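For reference, the structure discussed in these notes is given below.
Computed from a prediction, not measured in an experiment: that's the story for all the values here. Any value given below was found using the heavy atoms of this structure, including those in side chains, with hydrogens, waters and symmetry copies removed. For this chain, numbers begin at 1 and follow the sequence in order.
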Amino acid sequence: MKKISLFIKKYWITFLICVGFVFLYKYVSDNKMFNALMFPPIEDIWEAFVKDRDYAVLNLLYSLKLLIPSISVTLVIALGLGVLVGMNTRLREILHPIIYAFSCVPSILLSPFVVLLAPDFWWASVILIVYGTVWSTLFATITGIQTIDKRYLDNAATLELHGAKKFFKVILPAASPSILSGFVNSLRSSFVMLVYAEMYGATYGLGFYVKRYSSLGIYKNMWGGFIFMVLVLVLVMQIFEKIKNRLLKWTID
């Protein structure tokens with residue numbers, strides 16, 4: 001009960017704002033202030049949301065099948081390259097300007113080339129998601145390693161820790177706050193790229209789900225898909241925020 005009361009005390013204003021948005025939409029739709037087709041009544045949206053739930057879950061599973069490998073590849077590239085560049089001053093001087101230049105190029109601009117060169121659309125989507133999301137974790141890894149307290153490295157040298165032991169026992173824990181923060185930012189970007197990739201070529205997925213009903217002009221289902229997608233994104237981000245906070249607490253302790 002104490003946790004519930006604290007949760008209500010913390011978020012009651014947030015809840016009222018969300019309720020206010022719902023009533024604002026209802027007022028707009030009921031009074032047909034805008035296109036009545038694009039802004040159907042809340043009752044119709046809820047009905048479409050409930051009836052289409054199985055199809056929505058199917059599209060969610062297809063999105064996860066694309067997102068999980070993409071995030072895995074992103075972590076491998078970001079951690080591998082980030083550690084090398086972060087620990088080697090000369091390598092950092094050479095590669096950092098090149099990495100920065102590539103990070104400034106929006107992945108959406110590369111999509112025509114990637115779609116043409118990739119073996120299929122699935123690989124094209126993975127490449128675009130990885131390219132669009134790797135930079136936050138990569139730069140966070142480089143910064144985290146650069147800013148490691150010198151005392152940790154001196155202690156590691158005193159204990160004669162080298163190679164993998166030094167990396168997993170000293171470098172990774174010390175740099176993890178920065179890396180985790182960058183990864184959470186990358187995760188947000190990955191959803192943006194995921195939806196973009198699925199809206200223009202996929203046959204399943206959250207982006208395809210919303211785009212399909214938008215193209216067909218069935219806006220009550222489009223709104224239902226949009227709400228479902230937002231709920232999924234908020235839930236996933238909250239889970240990773242909890243994991244990040246627990247890992248940060250563990251590294252500090």
Set of side chain to side chain contact (heavy atoms under 4.5 Å, CB included) partners for [X], sequence neighbours left out:
X      : value
Phe49  : Trp46, Ile227, Phe228, Leu231
Val73  : Ile77, Val130
Ser103 : Tyr100, Trp135, Phe139
Thr141 : Leu79, Val83, Thr137, Ile145, Ile179

Determine whether [X] and [Y] fall in the same hydrophobic cluster, where Ile, Leu, Val, Met, Phe, Trp and Tyr are linked whenever their side-chain heavy atoms lie under 4.5 Å apart.
X      : Y      : result
Ile129 : Leu109 : no
Leu81  : Val76  : no
Leu95  : Val105 : yes

Using a 3.5 Å distance criterion without hydrogens, assess whether the side chain of [X] forms a donor-acceptor pair with backbone atoms of [Y].
X      : Y      : result
Asp44  : Pro40  : no
Ser214 : Val210 : no
Ser136 : Phe183 : no

Donor-acceptor list for residues 112-124 side chains, cut-off 3.5 Å, not counting sequence neighbours:
| unit_1 | atom_1 | unit_2 | atom_2 | d |
| --- | --- | --- | --- | --- |
| Asp120 | OD1 | Trp122 | N | 3.1 |
| Asp120 | OD1 | Trp123 | N | 2.9 |

Side chain proximity check, [X] to [Y], heavy atoms < 4.5 angstrom:
X      : Y      : answer
Ser186 : Val134 : no
Lys211 : Met222 : no
Phe226 : Tyr213 : no
Met33  : Tyr27  : yes
Ser70  : Thr133 : no

Can you pull the salt bridge (Lys or Arg N to Asp or Glu O under 4.0 Å) pairs that have at least one residue in [range], sequence neighbours excluded?
range            : value
residues 214-226 : none
residues 50-66   : Glu47-Lys51
residues 19-30   : Lys26-Asp30, Lys26-Glu43

Got a second to check how far Arg212's CZ is from Asn221's CG, nearest 0.5 Å? 8.5 Å
Value for CG (Leu61) from CG (Leu66), rounded to nearest 0.5 Å, stands at 13.0 Å
My understanding is that only residues two or more places apart in sequence, or in another chain, count here; which of them pass ring-ring contact (aromatic ring centres under 6.0 Å, His included) with [X]?
X      : result
Phe15  : none
Phe102 : none
Tyr55  : Tyr209

Closest heavy-atom pair and its distance - [X], [Y]:
X      : Y      : answer
Met193 : Gly132 : CG-CA, 4.2 Å
Arg92  : Ile142 : CD-CG2, 4.0 Å
Gly182 : Ala140 : CA-CB, 3.6 Å
Ile45  : Gly224 : CG2-N, 3.9 Å
Ser29  : Pro41  : OG-CA, 4.1 Å

Contacts of type side-chain hydrogen bond (donor to acceptor under 3.5 Å, both in side chains), residue Ser125, not counting sequence neighbours: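 None.
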What do you reckon, is OH of Tyr204 surrounded by more than 12 foreign heavy atoms closer than 6.0 Å? no
Starting from the C-alpha separation in whole Å, work towards a yes-or-no answer on side chain to side chain contact (heavy atoms under 4.5 Å, CB included) for Ser190 and Leu67. CA-CA 8 Å; Ser190 69; Leu67 187 63; 3.7 Å; yes
